[in-house]
Enquirer: 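Just dropping this structure here.
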Amino acid sequence: MTTGPLRDVGDHDLSSSKHFSANSALRIALFYAGISAVWIIGSDAVMVRLVTNPKALEKVSIVKGWAFVGVTALLLFMLIKRYMGMLQRRAEALREGEAKAKQLAETRRMLLRELDHRVKNNLANLYSLVELHGHASGNVREFAEVLGGKILAMSRMHEITNGEGWKGIRMRDLVFAMADPAVPTLATGQRVEVDGPPLLIAQRQAAAMGMILHELFTNSRKHGALGVPEGRAHLLWCVTDQSTQRLAVQLIWRESGGPPARQPEKYGVGLELIEGLARFELAGKAKPAFEPDGFRLTLDVNLDPIEADAETLGEPRTK
């Protein structure tokens, strides 16, 4: 894909170098011819005026000849040295340009591989969601509503992933992106409290974390605290262990002010999805609790450590 443009650039540089070499050689030759002509004509005229003795004239001619050789050799040395320096600088510039072109081509290949990987993962996730909710949904309308919400969540995930430049996603940004649109007061903290240290989620784990957050918001709006005006939700996280290979994080989702959470005889699709994502994608576990005050979920996960500067971990976006 990049062969054509790279060849065009190389051909242009080669043609430019040939043109530069021909012009430089012509300038050196003309300069040498001009100096030689001025030296011969001028020195002969001076000798004829100043030297009348034939023997002395012969000696002066010999000296003049060697002087001409010395001066022109020095001039040629300076010109060739300058020309070779210019060639060396152009060669270095060409090497740097070639290295940058190879780096850009490799970066493009990496991005295409990453994009291909993400598209396959998204399609696989979508297929899994269809299978999972298809068996649990009571009718086509309910199935379409649930699946549509999941697709919109995946779309928001794709948008925020591209916006972060393929590095990592800030936890707070991920929360805002995955929050249920029916809870518009998240940014002001009126109904949802969000608190935790700056945290980056690796791209390969962001989708799983995002789907867990989306499931929590959606379930709370439909069945929990966010489904009633006085209900509130609290989302807190902290780092429990950190090393160069592992970043252990505990996330706690707690609801209050809503209907009491009742222990089901069998976990629904949402909890099964959360537990599966926590175990297989985030190398952790999910512990739900059904309390009189509302639903509670403790999520212990192991994230990929990401090095980031203060700017990357800066202020989160808001809705």
Enquirer: Taking the side chain as everything from C-beta on, heavy atoms only, tell me whether Asn219 gets closer than 4.5 Å to Leu271.
Expert: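 Asn219 does not reach Leu271 side chain to side chain.
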Enquirer: List the steps, then state whether side chain to side chain contact (heavy atoms under 4.5 Å, CB included) holds for Leu216 with Ile274.
Expert: CA-CA 9 Å; Leu216 289 172; Ile274 290 175; 4.0 Å; yes
Enquirer: Return the minimal non-hydrogen interatomic distance between Pro288 and Glu275, and the atom names on each side.
Expert: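 Minimum heavy-atom separation between Pro288 and Glu275: CD-OE2, 4.1 Å.
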Enquirer: Would you call Glu106 and Arg109 a salt bridge, using N to O less than 4.0 angstrom?
Expert: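 Here Glu106 pairs with Arg109 in a salt bridge, since their nearest N and O are under 4.0 Å apart.
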Enquirer: Are the side chains of Gln88 and Met84 in contact, using a 4.5 Å heavy-atom criterion?
Expert: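 Heavy-atom side-chain distance check fails, nothing below 4.5 Å.
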Enquirer: Apply side chain to side chain contact (heavy atoms under 4.5 Å, CB included) to residues Val192 and Val175 and explain how you reach the verdict.
Expert: CA-CA 11 Å; Val192 180; Val175 173; 6.0 Å; no
Enquirer: Given side chain to side chain contact (heavy atoms under 4.5 Å, CB included), test Val301 with Glu281 step by step and report yes or no.
Expert: CA-CA 9 Å; Val301 297; Glu281 300 294 333; over 6 Å; no
Enquirer: Within a reach of under 6.0 Å around CZ of Arg82, are more than 12 heavy atoms found that belong to other residues, nucleotides or ligands?
Expert: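 Check fails, neighbour count at 12 or below.
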Enquirer: Whether the side chain of Ser256 engages the backbone of Asp293 through a donor-acceptor N/O pair (distance < 3.5 Å, no angle test) should be reported.
Expert: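 Judged by distance alone, no pair lies under 3.5 Å.
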Enquirer: Hey, could you give me the CD/CG distance between Glu193 and Leu236, rounded to the nearest 0.5 Å?
Expert: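 Between atom CD of Glu193 and atom CG of Leu236 there are 5.5 Å.
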Enquirer: Is a donor on one side and an acceptor on the other found under 3.5 Å between the side chain of Arg262 and the backbone of Phe290?
Expert: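 No; judged by distance alone, with no hydrogens or angles, the pair does not exist.
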Enquirer: How many angstroms lie between atom CG of Leu199 and atom CG of Asp173, to the nearest 0.5 angstrom?
Expert: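 Answer for the CG-CG pair, Leu199 versus Asp173, is 11.5 Å.
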Enquirer: Atom CG of Leu299 and atom NZ of Lys285: how far apart are they, to the nearest 0.5 Å?
Expert: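 Taking CG in Leu299 and NZ in Lys285, the distance rounds to 11.0 Å.
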Enquirer: Given Leu282, which partner from the list Leu277, Asn302, Leu303, Asp300 fulfils the side-chain contact (heavy atoms from CB on, under 4.5 Å) test?
Expert: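 Exactly one pass, corresponding to Leu303.
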Enquirer: Taking the side chain as every heavy atom from C-beta outward, state whether Arg172 and Asp195 have any atom pair closer than 4.5 Å.
Expert: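 Yes - at least one pair of side-chain heavy atoms lies under 4.5 Å apart.
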Enquirer: Is a side-chain donor or acceptor of Ser220 paired with a backbone partner of Leu226 at a separation under 3.5 angstrom?
Expert: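 The answer is yes, because a donor-acceptor pair under 3.5 Å joins these two groups.
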Enquirer: Please check: side-chain N/O of Thr107 versus main-chain N/O of Gln103, any donor-acceptor pairing under 3.5 Å?
Expert: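 Yes, Thr107 side chain to Gln103 backbone: donor-acceptor pair under 3.5 Å.
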Enquirer: Holding to ring pair (Phe, Tyr, Trp, His ring centres under 6.0 Å), I want the full list of residues that pass it with Tyr267, two or more places apart in sequence or in another chain.
Expert: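 With sequence neighbours excluded, Tyr267 shows a ring pair (Phe, Tyr, Trp, His ring centres under 6.0 Å) to no residue whatsoever.
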Enquirer: Looking only at heavy atoms, which two atoms of Pro229 and Arg191 are closest? And how far apart?
Expert: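 In this case the closest contact between Pro229 and Arg191 is O-NE, 3.7 Å.
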Enquirer: Where do Pro305 and Ser243 come nearest, in terms of heavy atoms and distance?
Expert: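 In this case the closest contact between Pro305 and Ser243 is CG-O, 3.6 Å.
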Enquirer: Treating Glu255 as the side-chain partner and Gly231 as the backbone partner, does any N or O pair qualify as donor plus acceptor under 3.5 Å?
Expert: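 Not confirmed, Glu255 side chain does not pair with Gly231 backbone.
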Enquirer: Looking only at heavy atoms, which two atoms of Cys238 and Pro197 are closest? And how far apart?
Expert: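 Closest approach of Cys238 to Pro197: CA-CD, 4.2 Å.
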Enquirer: Side chain to side chain contact (heavy atoms under 4.5 Å, CB included), that's the test. Do His234 and Arg296 meet it? Break it down for me.
Expert: CA-CA 9 Å; His234 310 266; Arg296 179 187 179 99; over 6 Å; no
Enquirer: For a side-chain contact (heavy atoms from CB on, under 4.5 Å) with Met171, tell me which candidate from Leu251, Val249, Leu200 qualifies.
Expert: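 The option that passes is Leu251.
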Enquirer: Within this structure, what is the CD1-CG distance for the pair Ile80 and Leu87, rounded to the nearest 0.5 Å?
Expert: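 Between atom CD1 of Ile80 and atom CG of Leu87 there are 11.0 Å.
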Enquirer: Quick check for you: to the nearest 0.5 Å, what is the distance between Lys287 atom NZ and Ile252 atom CD1?
Expert: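 The NZ atom of Lys287 sits 10.5 Å away from the CD1 atom of Ile252.
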